[in-house]
Amino acid sequence: MPLLYDLSKLTVGTVLRAGWRPRVEGLEHLPRRGGAILAGNHLSVADEVFLACLTPRHVTFWAKSEYFTARGPGGWVSRGIVAGMGAIRVERAGGRAALTALDAAGPVLRGGGLVAIYPEGTRSPDGRLYRGRTGMTRLARDAGVPIVPVGVLGTAEVLPVDARLPRRHPVTLRFGPPIPVAGRINGPRDIRVVTDEVMAAIQRLTGQEYVPRYAPPRAGTT
């Protein structure tokens, strides 16, 4: 586990537990070792913070490429943070550039690590759960790992889009049973079936209303 990640868990994690007293359910479903994808709903930028601090294992996240290339004193800090946290660089231009993030996640998973993915592809614009994108399932197939559904509740109230400071609100993090992928994919239809199965599992964990279409992108968000 990267040193900066350890330090963040010790400091930020202590503050989160003391200030928000989050509930964590289903930790028995988190593999103790070996690679796995953590697939969760996405309500707020606070999702990553709570997931990282409340998961006992190191979790690898994506970070937009601007954090790796920013200049000046602030850029030096951002580069140090994303590198120290072990983040995967993701290009927001789309196409082949965006797929490099999935390529980079493969070695992490095959090496026994955990990678967090938000299959909706963006933060929910209205608190509902939207159709999942299939890159998650393709990655799990190629890396030979299961997908663990994760549901988070309360983070949209902790850090709304327009908020500058976090607010006090109950937060619950729920892990569901791992969904196997190996041996189940024989074509594109199977990839969609497994992806929909994961989204259904997330919906059961969160109770969100499900929308069977892709979420509209929100400018300046991930």
Side-chain angles (χ1 to χ4, degrees), residues 1-92 100-101 104-118 123 143 145 148 150-161 163-175 221-222:
M1 189 178 296
L3 179 61
L4 185 57
Y5 193 97
D6 274 339
L7 182 61
S8 297
K9 290 191 68 152
L10 179 63
T11 55
V12 179
T14 299
V15 172
L16 289 184
R17 288 185 175 87
W20 280 268
R21 299 188 180 278
R23 292 184 58 185
V24 182
E25 302 173 2
L27 265 180
E28 67 274 13
H29 298 308
L30 184 71
R32 293 187 177 182
R33 60 183 64 86
I37 290 174
L38 305 184
N41 60 319
H42 198 12
L43 300 174
S44 165
V45 294
D47 297 337
E48 291 97 329
V49 179
F50 279 94
L51 182 59
C53 291
L54 300 177
T55 302
R57 295 179 56 188
H58 173 249
V59 181
T60 298
F61 294 89
W62 273 272
K64 60 184 180 180
S65 60
E66 290 86 344
Y67 288 132
F68 291 87
T69 58
R71 299 180 179 180
W76 182 84
V77 172
S78 70
R79 292 196 306 272
I81 289 175
V82 293
M85 296 289 285
I88 296 173
R89 176 172 173 167
V90 58
E91 301 288 345
R92 298 166 67 89
T100 58
V108 175
L109 292 167
R110 286 188 286 271
L114 300 178
V115 174
I117 290 182
Y118 297 105
R123 279 183 274 173
V145 299
V148 179
V150 180
V152 62
L153 299 168
T155 51
E157 290 77 19
V158 170
L159 197 62
V161 174
R164 294 186 178 183
L165 296 173
R167 305 168 183 174
R168 295 287 295 275
H169 190 278
V171 171
T172 299
L173 183 67
R174 293 177 178 145
F175 295 88
T221 65
T222 57

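Worth saying up front: this structure is predicted, and the values here are computed from it rather than measured.
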To the closest 0.5 Å, what do you measure between [atom1] ([X]) and [atom2] ([Y])?
X	Y	atom1	atom2	result
K9	L54	NZ	CG	8.0 Å
D6	L10	CG	CG	8.5 Å
R32	L27	CZ	CG	10.5 Å

Please check if the side chain of [X] supplies one atom and the backbone of [Y] the other of a donor-acceptor pair under 3.5 Å.
X	Y	result
R17	C53	yes
T155	A46	no
R174	G26	no
W20	R167	yes
Y5	T60	no

If you compare all heavy atoms of [X] against all heavy atoms of [Y], which two are closest, and at what distance to 0.1 Å?
X	Y	value
V161	R123	CG2-NH1, 3.9 Å
W62	A105	CZ2-CB, 3.8 Å
S44	L159	OG-O, 2.9 Å

Is any side-chain heavy atom of [Y] closer than 4.5 Å to one of [X]?
X	Y	result
E25	F175	no
V152	L51	no
F50	L173	no
P31	V148	yes

Exercise for the section: For L114 and L30, run side chain to side chain contact (heavy atoms under 4.5 Å, CB included): C-alpha distance rounded to whole Å, both residues' side-chain angles, the deciding distance at 0.1 Å, then the answer. Expected result: CA-CA 10 Å; L114 300 178; L30 184 71; 4.0 Å; yes
Exercise for the section: Describe, in one word, how the ring planes of Y118 and H42 are oriented to each other, choosing from parallel (under 30°), tilted (30 to 60°) and perpendicular (over 60°). Expected result: parallel
Exercise for the section: Tell me, yes or no, whether the heavy-atom count around R23 atom CZ, taken from other residues, nucleotides or ligands under 6.0 Å, exceeds 12. Expected result: no
